[in-house]
Structures are given as C-alpha cells and as structure tokens.
Novice: 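Submitted below is the structure of interest, expressed as structure tokens.
Basis for what follows: all heavy atoms, side chains included, without hydrogens, waters or symmetry-related copies. Everything numeric here is computed off the predicted structure, so don't read it as measured data.
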Amino acid sequence: MGDDVELAIVTMRFDAHDATALYGVLSKYVVLTRMVPGCRNVDLCSSVTVDGRLLIVQKWDDAAAQRAHFDSDLMVEMAEACRGLLAAAPEIDLWDGLSAHDLR
C-alpha cells in the first residue's frame with residue numbers, strides 16, 4: 001500500500017539523582033534533536049507521580065533515521081553529560097507507530 005506511514009518512535013526514561021542538572025542536559029538535547037534530519041518531533045515530559053523522572057518521546061521518519069541519530073555525536077554528548085546525574089541507567093525502548101498518520 002502506498003499510503004503506509006513508516007514511523008519509528010523512541011522513548012527514553014530517566015530517573016534523576018540531580019533533577020535540575022538533568023533537566024538542563026535533556027532540554028538542550030531535545031532542542032538540538034528537533035533540528036536533526038528525519039526527526040519529526042521530540043518531547044520532554046516530567047512525571048507527575050515520580051519525583052525526578054523525565055521522559056523523552058521521539059518520532060522519526062523511519063528506523064534508519066533513528067539509528068543514525070543514536071550513533072551521532074549529539075547522542076553521545078547527551079549520554080556523557082548524564083554521568084553522575086542519574087539514579088539508574090535510562091530505560092530506552094523502540095516502538096512502532098501503529099496509529100500514526102502522516103499529517104504533512
């Protein structure tokens with residue numbers, strides 16, 4: 001079907017040891033990631049129920065764009081900047097956008 005939309009969605013959950021510093025690191029990462037080719041959207045969310053928990057939700061044109069970003073200097077810089085700020089390793093997951101519609 002020519003109307004099929006390929007979309008890669010990534011979630012990254014962070015539990016902070018230093019929430020203020022982590023928020024700064026992730027805010028910069030989100031702003032810069034929005035400018036990456038293939039990125040459709042990136043949101044940074046703060047948990048209402050768990051103090052210091054932040055979630056990034058990314059939408060990519062396809063899995064290739066997402067993989068290229070995860071191998072990028074921007075991703076490495078963000079990961080290195082998180083050292084000492086996290087209570088545990090981040091939880092990263094890749095999702096299929098089953099109900100996604102291309103609105104372009």
Novice: Grouping I, L, V, M, F, W and Y whenever their side-chain heavy atoms are under 4.5 Å apart, do V57 and V30 come out in a common cluster?
Specialist: no
Novice: Which heavy-atom pair separates V31 from M35 by the least distance, and what is that distance?
Specialist: O-CE, 3.5 Å
Novice: Output every pair passing ring pair (Phe, Tyr, Trp, His ring centres under 6.0 Å) with a member in residues 71-94, not counting sequence neighbours, ordered by first then second residue.
Specialist: none
Novice: Residues two or more places apart in sequence or in another chain: which of them pass salt bridge (Lys or Arg N to Asp or Glu O under 4.0 Å) with D43?
Specialist: R34
Novice: About how many Å separate CG of L7 and CG of N41, when rounded to the nearest 0.5 Å?
Specialist: 10.0 Å
Novice: Are any non-hydrogen side-chain atoms of W95 and V10 less than 4.5 angstrom apart?
Specialist: no
Novice: Between I9 and W60, is there a side-chain heavy-atom distance shorter than 4.5 Å?
Specialist: no
Novice: Holding to side-chain hydrogen bond (donor to acceptor under 3.5 Å, both in side chains), I want the full list of residues that pass it with S72, two or more places apart in sequence or in another chain.
Specialist: none
Novice: Does Y29 have any ring-ring contact (aromatic ring centres under 6.0 Å, His included) partners at least two apart in sequence or in another chain, and if so, which?
Specialist: H69
Novice: Could you list the donor-acceptor pairs under 3.5 angstrom formed between side-chain atoms of residues 74-94 and any protein atom two or more places apart in sequence or on another chain?
Specialist:
from, atom 1, to, atom 2, distance (Å)
E77, OE2, K28, NZ, 2.7

Novice: Suppose we screen for side-chain contact (heavy atoms from CB on, under 4.5 Å). Which residues come up paired with A16, at least two apart in sequence or across chains?
Specialist: A19, L22
Novice: Side chains of residues 45-55: which donor-acceptor pairs under 3.5 Å do they make with residues two or more places apart or in other chains?
Specialist:
from, atom 1, to, atom 2, distance (Å)
S47, OG, T49, N, 3.1
S47, OG, T49, OG1, 3.3
S47, OG, V50, N, 2.9
R53, NE, D15, OD1, 2.6
R53, NH2, D15, OD1, 3.4
R53, NH2, D15, OD2, 3.3

Novice: If I compare all heavy atoms of G38 with all of A65, which pair ends up nearest, and what's the gap?
Specialist: CA-CB, 4.0 Å
Novice: My understanding is that only residues two or more places apart in sequence, or in another chain, count here; which of them pass salt bridge (Lys or Arg N to Asp or Glu O under 4.0 Å) with R67?
Specialist: none
Novice: If you apply the rule side chain to side chain contact (heavy atoms under 4.5 Å, CB included), what do you find for Q58 with R40, and how did you get there?
Specialist: CA-CA 8 Å; Q58 304 177 343; R40 290 190 181 194; over 6 Å; no
Novice: Mind checking whether V36 and L32 sit in one hydrophobic cluster, side chains of I, L, V, M, F, W, Y counted as touching below 4.5 Å?
Specialist: yes
Novice: Any pair with a residue in residues 71-93 that passes ring pair (Phe, Tyr, Trp, His ring centres under 6.0 Å), sequence neighbours left out, goes on the list, sorted by first then second residue, please.
Specialist: none
Novice: Answer yes or no: does atom OH of Y23 have more than 12 heavy-atom neighbours from other residues, nucleotides or ligands under 6.0 Å?
Specialist: no
